[in-house]
Amino acid sequence: SLGLLGRGAEPAAPALCRALGSKFPPLTVEASEALGNIGPAAVPHLTEALKGKDADQLRLACYALSRIGPPGEPAIPQIVRIISERPGATGLIGSAVHALTSIARDRPELLAQFAKSPQTHVRVQIAAALEGANAPGRVALPVLFDLLDDTETSVRLAAVHALGNLRPGASNVIEKL
């Protein structure tokens, strides 16, 4: 299966990215798995794939990038563009936010800018991502404290959960709760 391809399949990355646009779903899923397994060498090809228009192809490219994590940083501008320009595409936005939180998990200032998204699921994902933030007092705590006042119960619960699991060194959490 294509999904088992790993770092040794780097030369196949361009063809696998083209396969993300196939109309045969099993092929697209396998190609996405393979690209995630290839790792950092697939990032330039996935970043280019994110410039496309097809929501399924974009979602699968985001999934592969979420599996690659921080080495996918060059794709951040394209992921941010997708989140900003396609607010009605819930599944795609969810995948893009998942990729962003995986790639930028050590950049809470970047994640924080999406904490005021009009989409509930985005705010929930951001709260969960900020749970593991480095230097929580600088960026994550104020954002999570703001999310405690959100109108949506799921967002408030995600913020409480994140605050309860912050890395050591987070001060004022009990006081705010």
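Index from 1, following the sequence.
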Original post:
Between Val97 and His121, does a side chain to side chain contact (heavy atoms under 4.5 Å, CB included) hold up when you go through it step by step?
Top reply: CA-CA 9 Å; Val97 172; His121 67 97; 5.8 Å; no

**OP:** Any pair with a residue in residues 150-164 that passes salt bridge (Lys or Arg N to Asp or Glu O under 4.0 Å), sequence neighbours left out, goes on the list, sorted by first then second residue, please.
**Re:** Arg123-Asp150

**OP:** Just grab all the salt bridge (Lys or Arg N to Asp or Glu O under 4.0 Å) pairs involving residues 12-25, residues at least two apart or on different chains.
**Re:** none

Min side-chain heavy-atom separation [X]-[Y] under 4.5 Å:
X: Leu157; Y: Thr153; result: yes
X: Tyr63; Y: Ser95; result: no
X: Leu111; Y: Arg105; result: no
X: Ile103; Y: Pro70; result: no
X: Ile83; Y: Phe114; result: yes
X: Thr28; Y: Asp56; result: no
X: Leu20; Y: Leu35; result: yes
X: Leu163; Y: Leu148; result: yes

Search all heavy atoms of [X] against all heavy atoms of [Y] and return the closest pair with its distance.
X: Ala55; Y: Leu92; answer: O-CD1, 3.9 Å
X: Thr120; Y: Ser154; answer: CG2-OG, 3.4 Å
X: Ala75; Y: Thr47; answer: CB-OG1, 3.4 Å
X: Ala99; Y: Ile79; answer: CB-CD1, 4.0 Å
X: Ala49; Y: Gln57; answer: CB-NE2, 4.2 Å

Output all residues satisfying side chain to side chain contact (heavy atoms under 4.5 Å, CB included) with [X], sequence neighbours left out; order by chain, then residue number.
X: Ala158; result: Val124, Ala127
X: His45; result: Ala13, Pro14, Cys17
X: Glu10; result: Arg7, Ile38, Ala41
X: Arg107; result: Glu73, Ile76, Ala104, Glu109, Leu110

Can you check whether [Y]'s main-chain N or O pairs, donor with acceptor, with [X]'s side chain at less than 3.5 Å?
X: Ser84; Y: Val80; result: yes
X: Ser102; Y: Ser66; result: yes
X: Arg59; Y: Gly91; result: no

Measure the spacing between [atom1] of [X] and [atom2] of [Y] and express it to the nearest 0.5 Å.
X: Glu33; Y: Glu30; atom1: CD; atom2: CD; answer: 7.0 Å
X: Asp146; Y: Lys116; atom1: CG; atom2: NZ; answer: 4.5 Å
X: Ile93; Y: Cys62; atom1: CD1; atom2: SG; answer: 8.5 Å

Original post:
So Leu50 and Leu65, side chain to side chain contact (heavy atoms under 4.5 Å, CB included) or not? Walk me through it.
Top reply: CA-CA 10 Å; Leu50 291 177; Leu65 285 161; 3.5 Å; yes

**OP:** Ignoring hydrogens and angles, state whether a donor on the side chain of His98 or Gln125 is under 3.5 Å from an acceptor on the partner side chain.
**Re:** no

